[in-house]
Amino acid sequence: MIYFFTLKLKKETNSDFFNKVFQIVEMIPCGKVTTYGLIAQKAGLKSSARMVGWALNSYAFSTRLPCHRVVNRNGELTGKKYFGTPTMMRELLESEGVEFVNDRVDLKKFLWTPEIAL
DNA sequence: CGGGTGACTTTAC
DNA sequence: CGTAAAGCCACCC
């Protein structure tokens with residue numbers, strides 16, 4: 001199964017925020033998901049959930065991050081259009097055991113909350 | 001420096 | 001269910 005993207009980084013980043021974002025995403029366990037908002041909060045920019053998605057698209061798309069495990073607050077796969085095919089992201093999650101309800105991840109069962117001390 | 005653009009979130013109607 | 005607006009902040013003109 002393919003969990004990671006291994007292309008080259010488009011750019012280097014020295015941003016503390018982004019590095020923390022990557023560190024957090026890297027820790028998401030198999031079969032769990034987390035949200036942009038939680039990551040942003042743990043990375044230090046409480047209200048900048050947009051930056052998390054932006055960071056993934058610009059930098060991480062390419063590192064070895066399980067970025068399919070990041071969904072929005074409602075469990076919707078808002079980033080699926082960046083996975084090649086519209087169904088790829090969901091397939092990856094389902095292959096890890098994540099269940100969906102009405103095209104959304106069942107967050108009550110599969111939400112993972114980052115609890116790290118950065 | 002300023003305006004546009006988001007893998008977002010929240011509130012409001 | 002839907003749309004709108006505001007706040008958010010790095011990046012790219």
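So you know, we letter chains A, B, ... as the sequences are listed, proteins then strands, and number each from 1. These numbers come from a predicted model, not from an experiment.
- At most 12 non-hydrogen atoms from other residues, nucleotides or ligands lie less than 6.0 angstrom from CG of A:N102.
- Side chain of A:K32 to main chain of A:K109: a donor-acceptor pair is present (N/O by atom type, distance under 3.5 Å, no hydrogens or angles).
- Separating the NZ atom of A:K80 from the C1' atom of B:dA7 is a distance of 12 Å, rounded to the nearest angstrom.
- Rounded to whole Å, the distance from OH on A:Y82 to C1' on B:dA7 is 6 Å.
- Aromatic rings of A:Y36 and A:W54 (six-membered ring for Trp) have centroids beyond the 6.0 Å cut-off, not under it.
- Annotation: of the two residues near DNA chain C, A:R104 and A:L45, the 5′-most nearest-nucleotide partner is A:R104.
- The NZ-C1' distance, from A:K81 to B:dT5, rounds to 12 Å in whole Å.
- Put simply, the residue from A:E76, A:K80, A:R90 that forms a side chain to side chain contact (heavy atoms under 4.5 Å, CB included) with A:D103 is A:R90.
- With A:L111 as the fixed residue, the side chain to side chain contact (heavy atoms under 4.5 Å, CB included) test singles out one of A:V105, A:V71, A:D106, A:L38: A:L38.
- When distances are taken from the side chain of A:F83 to each of B:dC8, B:dT10, B:dA7, the shortest belongs to B:dA7.
- Atoms CG (A:N74) and P (B:dT10) sit 9 Å apart, rounded to a whole Å.
- Put simply, the side chain of A:T34 does not reach to within 4.5 Å of the side chain of A:R69, judged on heavy atoms.
- The phosphate of B:dC8 (OP1 or OP2) has no side-chain N or O of A:T35 nearer than 4.0 angstrom.
- A donor-acceptor contact under 3.5 angstrom links the side-chain atoms of A:Y36 to the base of B:dA7.
- Shown for residues 47-54 of chain A: residues whose heavy atoms fall under 4.0 angstrom of DNA chain B, namely A:A49, A:R50, A:M51, A:G53.
- Atom CZ of A:F17 and atom P of C:dC11 are 11 Å apart (whole Å).
- Per the geometry, CE belonging to A:M89 stands 12 Å off P belonging to B:dA7, to the nearest Å.
- When the C1' atom of B:dT9 is taken as reference, atom CD1 of A:I39 falls 14 Å away, rounded to whole Å.
- Comparing B:dA7, B:dT9, C:dC11 by their closest approach to the side chain of A:F18 singles out C:dC11.
- Rounding to whole angstrom units, CD of residue A:Q41 and C1' of B:dT10 are separated by 14 Å.
- With values rounded to the nearest 0.5 angstrom, A:T35 atom OG1 is found 8.0 Å from A:L107 atom CG.
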